[in-house]
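Structure first, then comments.
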Amino acid sequence: MPKYLFREGVDVNVKGNEIVITTPYATRSNPYRQKLHLKEAGAPLKELIKDLLSDGVDSDQYSTLQDKKHSASTHLSPESQLKTLYKKGLLSYEIEGCNGTAICLLPNEPGLKQQPCPEHNEKIKLSEFGNIKPCREGLDITTPLSPATLRLQDHRLYQLIQMLASPCTIESIRGFLPEDLCVHNREFISLLLMSEVIGVCNNNRNADIDAEAIESGWSREDLAFHCHTRRNIVIFRRDNSHLKENNQNNPPAKHQRIIIDRVPLSRLSNKNYNSNFYQIIRKRQTIRAYNAKPVSAEALGTLLWYSMHTREEILCDPGLPRSYEGLLRPVASAGALHSIEFYLCIKQCMGISPGFYHYDSFDHSLGKLSDLTVPCENMLALAVNTTCRAPQAASVSPGQAQPPDVLIVMASRYARNASIHSETGLAYALILKDAGSIYQQLYLVATALGLAPCGLSFGSSELFEQASGMPRNVECSVGEFMIGNPK
Ligand SMILES: Cc1cc2nc3c(=O)[nH]c(=O)nc-3n(C[C@H](O)[C@H](O)[C@H](O)COP(=O)(O)O)c2cc1C
């Protein structure tokens, strides 16, 4: 029998005629669990709450929830309260078969809609953005946009996923269902649609739930990343064992590398270059054509100093168990984590021999890691091949791009962000935002120095791994920037 139950994480407190329901939901701005107060609760409502906490409530007991559009229920009636609790994402909905719970709808946020079983001639289909994850109970299916997880527990249903990859008629779903589940076929199909993981096909053979995202051109990966990092509602986790008691495992701000040579860097004196901030902003532009005269070690040192040198080592969130090491640099960084490091492929630079270097932001020097090896040459070649995408100018034609004097590769120590953001899920999003602020800083400082700056879109973590010898899940490249002397 299909039934409703309180979802995991809901707490109920009954005091006289008042029922306080503490939801598992909070928001990013308000970390406290949201509450629902039901006042003047009568015996039928209390009975309903008791059932939802124990064995569940049969769906046909309150029939207005499923197919009927109109009901005579008042807003305080158990029927209407059940509807409200469902909409607020507090109820799971499951259908049992001969093997126990066969399929289950588990809300992830408020905002669930009722969906009647469609008529015979309609077709339904799995979302293109669907994601299938095995769990202890079976298979969990979600999409970045769906407010609920669809859980298949009865393994006889697994093949349904394969079927629903293409548009399926309601009749074919009915035909597929084993006898013990087919008796609930209308509720079963409703449940599929209520999850918003499966939708009714439109004229383009797309599920209606996907139509807007497809029209806007969202890729699966971008939509998943976007929804994951921009959601406002967060679920309170009762089991806080994942939270670290202290900061002992947080990666330190400073990470030593094995170098074969150290090149100290200097800075230009202030009077040598244009320092009017507003003029520099006006002047800033991408320059992709280089002079044969290489950049000087002095100019490169100044660029690095005003972009990336470490001004100060600090302790963030002092006094709290979660305190961690932070840094202050000329650029901003979320949480002062500064997980981005600079690696330089130096092709030519007056005063510094060609090679692959790490910028030591603490003592403002370059640590030579190797000569310009094949992977470094390949990174330079990739930079050349992805230059000339200037949409507004014919400055560099395809195939005529020049290699830069210096290719700066930004690599992130992901673990530093992950150690602080394991719960928020924002680690990678914030790394990319940090990279964005570094791009702009490099543009402005390079402009002030009269250098030719160009940010790049394409880069290869694989080539960086080969060049640096650093496993890509330890330090991964997230951005590239070219520097030369302008033509
Ligand atoms: C994140 C980012 C990625 C970029 N990727 C490339 C690229 O791959 N190739 C290229 O030639 N220019 C690239 N550019 C430079 C842009 O094409 C340039 O900023 C844009 O055409 C506007 O020109 P402007 O910088 O002179 O104002 C990039 C710039 C940024 C900020």
Side-chain angles (χ1 to χ4, degrees), residues 217-219 221-222 225-226 229-230 274 276-291 295 299 303-304 306-308 329-334 338-345 347 375-412 414 417 426-464 467 476-487:
W218 281 96
S219 71
E221 295 77 11
D222 283 352
F225 182 51
H226 170 70
T229 53
R230 302 296 303 176
N274 185 353
N276 182 316
F277 181 68
Y278 297 101
Q279 274 175 9
I280 291 163
I281 292 178
R282 248 203 318 269
K283 232 178 116 186
R284 185 217 61 81
Q285 62 170 335
T286 299
I287 304 173
R288 303 172 178 83
Y290 307 112
N291 195 316
V295 291
L303 176 72
L304 294 170
Y306 285 104
S307 308
M308 278 299 267
R329 286 176 174 170
V331 281
S333 164
H338 282 293
S339 68
I340 293 183
E341 301 279 332
F342 271 9
Y343 289 82
L344 283 77
C345 285
K347 190 158 176 66
C376 296
E377 295 286 4
N378 287 342
M379 284 199 285
L380 282 161
L382 181 59
V384 172
N385 293 337
T386 55
T387 311
C388 61
R389 302 282 160 103
Q392 77 279 36
S395 59
V396 182
S397 329
Q400 289 178 2
Q402 290 173 259
D405 290 347
V406 179
L407 174 71
I408 298 175
V409 181
M410 299 164 211
S412 166
Y414 180 83
N417 284 60
L426 295 182
Y428 196 59
L430 294 178
I431 288 170
L432 296 183
K433 285 172 183 166
D434 275 9
S437 75
I438 294 173
Y439 270 63
Q440 182 65 357
Q441 189 81 357
L442 285 171
Y443 261 117
L444 292 179
V445 180
T447 304
L449 292 169
L451 296 172
C454 180
L456 289 175
S457 306
F458 299 85
S460 159
S461 250
E462 209 178 317
L463 291 179
F464 173 72
C476 55
S477 64
V478 293
E480 282 78 15
F481 203 95
M482 302 193 296
I483 291 291
N485 260 330
K487 203 163 200 167

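Heads up: numbering here begins at 1 and tracks the sequence. Atoms considered below: every heavy atom in the structure, side chains included; atoms not considered: hydrogens, waters and symmetry mates. Counting starts at 1 for both ligands and their atoms, in listed order. Every value quoted in this text rests on a predicted model; they were computed, and no experiment measured them.
Residue contact check: Tyr443 has heavy atoms under 4.0 Å from atoms 15 (C), 19 (O), 29 (C) of ligand 1. In summary, the atoms of ligand 1 found under 4.0 Å from a heavy atom of Cys454, numbered by their order in the structure, are 10 (C), 11 (O), 12 (N). Near Arg288, meaning under 4.0 Å from one of its heavy atoms, ligand 1 places the atoms 10 (C), 11 (O), 12 (N), 15 (C), 16 (C), 17 (O), 18 (C), 21 (O). Interface of Ser457 with ligand 1, defined as ligand atoms under 4.0 Å from a residue heavy atom, comprises 3 (C), 4 (C), 5 (N), 6 (C), 7 (C), 8 (O). The ligand atoms of ligand 1 that sit less than 4.0 angstrom from a heavy atom of Gln285 are 26 (O). Of all atoms in ligand 1, listed by their number and element, those nearer than 4.0 Å to a heavy atom of Arg284 are 24 (P), 25 (O), 27 (O). Atoms of ligand 1 lying under 4.0 Å from at least one heavy atom of Thr386, given by number and element, are 7 (C), 8 (O), 9 (N), 10 (C), 11 (O).
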Legend entry - Intermediate values then yes/no, side-chain contact (heavy atoms from CB on, under 4.5 Å), Val331 and His338: CA-CA 9 Å; Val331 281; His338 282 293; 3.9 Å; yes
Inset, instruction - Could you walk me through whether Phe481 and Leu303 pass the side-chain contact (heavy atoms from CB on, under 4.5 Å) test, one step at a time? - result: CA-CA 12 Å; Phe481 203 95; Leu303 176 72; over 6 Å; no
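In terms of modelled atom types and a separation under 3.5 Å, the side chain of Arg329 and the main chain of Met308 share a donor-acceptor contact.
Polar contact check, Gly455 against ligand 1: a nitrogen or oxygen pair lies under 3.5 Å apart. Considering backbone and side-chain N/O atoms, Thr387 never comes within less than 3.5 Å of an N/O atom of ligand 1.
Shown here for Ser461 and Ser477, the closest heavy-atom pair between the two residues is CA-OG, 3.4 Å.
When the heavy atoms of Thr286, Leu456, Thr447 are ranked by distance to atom 25 (O) of ligand 1, first place goes to Thr286.
Taking the six-membered ring where tryptophan is involved, the planes of Tyr414 and Tyr428 are tilted, since the angle between them lies from 30° to 60°.
No more than 12 heavy atoms of other residues, nucleotides or ligands sit less than 6.0 Å from atom CD of Glu462.
With sequence neighbours left out, Tyr343 forms a side-chain hydrogen bond (donor to acceptor under 3.5 Å, both in side chains) with Arg257, Glu475.
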